[in-house]
Amino acid sequence: MNWGWKMALVYTGFVGFMLSFVFIARKEKIELVTPDYYAEEIRFKERMDAMRNAQETESKPSISIRGNDIEINYPDTFDVTEGLIKLYCPHDAASDQLIPVQIDQSRQQVIPGSTLKHGQYSVSIIWNAAGKSFYHEQTVSVP
């Protein structure tokens with residue numbers, strides 16, 4: 001086999017590899033963290049202030065896993081006028097959830113595992129109390 005045929009085989013192999021790479025890459029699902037990513041970026045300073053407020057207060061909620069459920073325990077001094085829990089699943093945007101803060105008599109809130117897929121979640125709690133905004137975030141793994 002002369003050098004012309006070898007070059008043609010190398011070129012054909014390279015083109016085949018590139019086409020298969022493009023085909024596989026087009027099938028990959030690419031999702032932003034949030035659909036309104038740029039608007040969220042503008043509100044970043046507000047979130048940083050809310051994080052600072054949460055770090056300065058002693059009445060932060062604690063987030064843990066109990067079985068397949070996410071359990072959020074609120075301290076007795078936790079006073080909330082309104083609040084929202086965001087569950088962000090990095091590998092599947094369809095698993096993201098927004099849940100209002102609802103504290104029961106035992107000062108906790110349970111998010112049932114039946115509504116969650118297996119995997120890692122970033123749990124963010126945003127609440128307002130005494131005219132201030134607060135933000136607490138923690139990563140958990142749902143079995």
Side-chain angles (χ1 to χ4, degrees), residues 3 5-143:
W3 67 271
W5 284 104
K6 291 178 185 177
M7 286 296 292
L9 285 175
V10 168
Y11 179 74
T12 304
F14 178 74
V15 169
F17 170 75
M18 291 305 290
L19 287 174
S20 64
F21 179 74
V22 168
F23 178 74
I24 291 169
R26 287 187 57 134
K27 291 175 73 175
E28 188 69 28
K29 200 166 58 170
I30 299 172
E31 299 170 344
L32 290 175
V33 173
T34 178
D36 57 345
Y37 179 79
Y38 297 107
E40 286 286 328
E41 185 67 27
I42 292 170
R43 292 189 293 264
F44 183 71
K45 169 119 175 55
E46 295 170 7
R47 180 175 295 161
M48 293 304 293
D49 292 340
M51 286 175 78
R52 191 174 312 108
N53 290 340
Q55 288 173 350
E56 291 172 357
T57 186
E58 293 184 19
S59 60
K60 286 185 283 211
S62 66
I63 304 166
S64 60
I65 295 291
R66 184 178 45 149
N68 288 340
D69 303 336
I70 297 177
E71 181 179 88
I72 304 171
N73 292 303
Y74 300 99
D76 292 334
T77 57
F78 187 80
D79 184 29
V80 61
T81 54
E82 65 176 327
L84 188 66
I85 301 168
K86 289 184 179 181
L87 296 177
Y88 167 67
C89 184
H91 64 276
D92 185 12
S95 297
D96 294 351
Q97 295 184 28
L98 291 174
I99 302 166
V101 171
Q102 297 173 338
I103 304 172
D104 63 10
Q105 285 99 4
S106 60
R107 305 290 298 166
Q108 68 180 5
Q109 182 172 358
V110 176
I111 301 168
S114 60
T115 63
L116 305 170
K117 289 184 181 176
H118 169 75
Q120 189 171 7
Y121 285 86
S122 175
V123 181
S124 306
I125 304 173
I126 304 154
W127 73 95
N128 295 324
K132 287 183 172 180
S133 294
F134 298 89
Y135 179 86
H136 178 66
E137 183 175 341
Q138 185 176 328
T139 303
V140 296
S141 292
V142 176

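The basis for the numbers below is simple: all heavy atoms, side chains too, and nothing from hydrogens, waters or symmetry mates. Numbering of residues begins at 1 and proceeds along the displayed sequence.
Atom CD1 of Ile85 and atom CG of Leu98 lie 10.0 Å apart (nearest 0.5 Å). Summarising the geometry, atom CD belonging to Glu56 is positioned 6.5 Å from atom NZ belonging to Lys132; distances are rounded to the nearest 0.5 Å. Summarising the geometry, atom CG belonging to Leu87 is positioned 4.5 Å from atom CD1 belonging to Ile111; distances are rounded to the nearest 0.5 Å.
Remark: Lys45 pairs with Asp49 by the salt bridge (Lys or Arg N to Asp or Glu O under 4.0 Å) rule, at least two apart or across chains. With sequence neighbours left out, the side chain to side chain contact (heavy atoms under 4.5 Å, CB included) criterion links Gln105 to no other residue. With sequence neighbours excluded, no residue forms a side chain to side chain donor-acceptor pair (under 3.5 Å) with Ser62. Contacts of Asp76 classified as side chain to side chain donor-acceptor pair (under 3.5 Å), with partners at least two apart in sequence or in another chain: none. Ser122 meets the side chain to side chain donor-acceptor pair (under 3.5 Å) test with Glu137; sequence neighbours excluded. Evaluation of the ring pair (Phe, Tyr, Trp, His ring centres under 6.0 Å) rule for Tyr121 yields no partner, not counting sequence neighbours. By the side chain to side chain contact (heavy atoms under 4.5 Å, CB included) test, Pro75 is found to be paired with Ser59, Thr77, Phe78, residues two or more places apart in sequence or in another chain being considered. Judged as a side chain to side chain donor-acceptor pair (under 3.5 Å), and not counting sequence neighbours, the contacts of Glu82 are Asn128. For Tyr135, the ring pair (Phe, Tyr, Trp, His ring centres under 6.0 Å) test picks out no residue, with sequence neighbours left out. Residues passing the side chain to side chain contact (heavy atoms under 4.5 Å, CB included) test with Trp3, sequence neighbours excluded: Met7.
In this structure, the side chain of Thr115 engages the main chain of Pro112 through a donor-acceptor pair within 3.5 Å. Checked by atom type and distance alone, the side chain of Gln109 pairs as donor or acceptor with a backbone atom of Gln102 at under 3.5 Å. Side chain of Gln55 to main chain of Ala50: no donor-acceptor pair is present (N/O by atom type, distance under 3.5 Å, no hydrogens or angles).
Closest heavy-atom contact between Ile125 and Pro61: CD1-CG, 3.7 Å. The minimum heavy-atom distance between Lys86 and Arg47, with the atom names listed, is NZ-NH2, 4.3 Å.
For the pair Gln108 and Ile103, the minimum side-chain heavy-atom distance is 4.5 Å or more. Between Tyr88 and Val123, the closest side-chain pair of non-hydrogen atoms is not below 4.5 Å.
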Evaluate side-chain contact (heavy atoms from CB on, under 4.5 Å) for His136 paired with Trp127, printing each intermediate quantity in order.
CA-CA 9 Å; His136 178 66; Trp127 73 95; 3.9 Å; yes
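By the neighbour-count criterion of 12 heavy atoms within 6.0 Å, atom NE2 of His118 is sparsely surrounded, having that number or fewer from other residues, nucleotides or ligands.
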Going by atom type alone, with no hydrogens or angles, which donor-acceptor pairs under 3.5 Å involve a side-chain atom of residues 63-71 and a protein atom two or more places apart or on another chain?
from  : atom 1 : to     : atom 2 : distance (Å)
Arg66 : NE     : Glu71  : OE2    : 2.9
Arg66 : NH2    : Glu71  : OE2    : 3.2
Asp69 : OD1    : Gly113 : N      : 2.6
Glu71 : OE1    : Asn73  : ND2    : 3.3

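Residue pairs meeting the salt bridge (Lys or Arg N to Asp or Glu O under 4.0 Å) criterion with at least one member in residues 104-122, sequence neighbours excluded: Asp92-Lys117.
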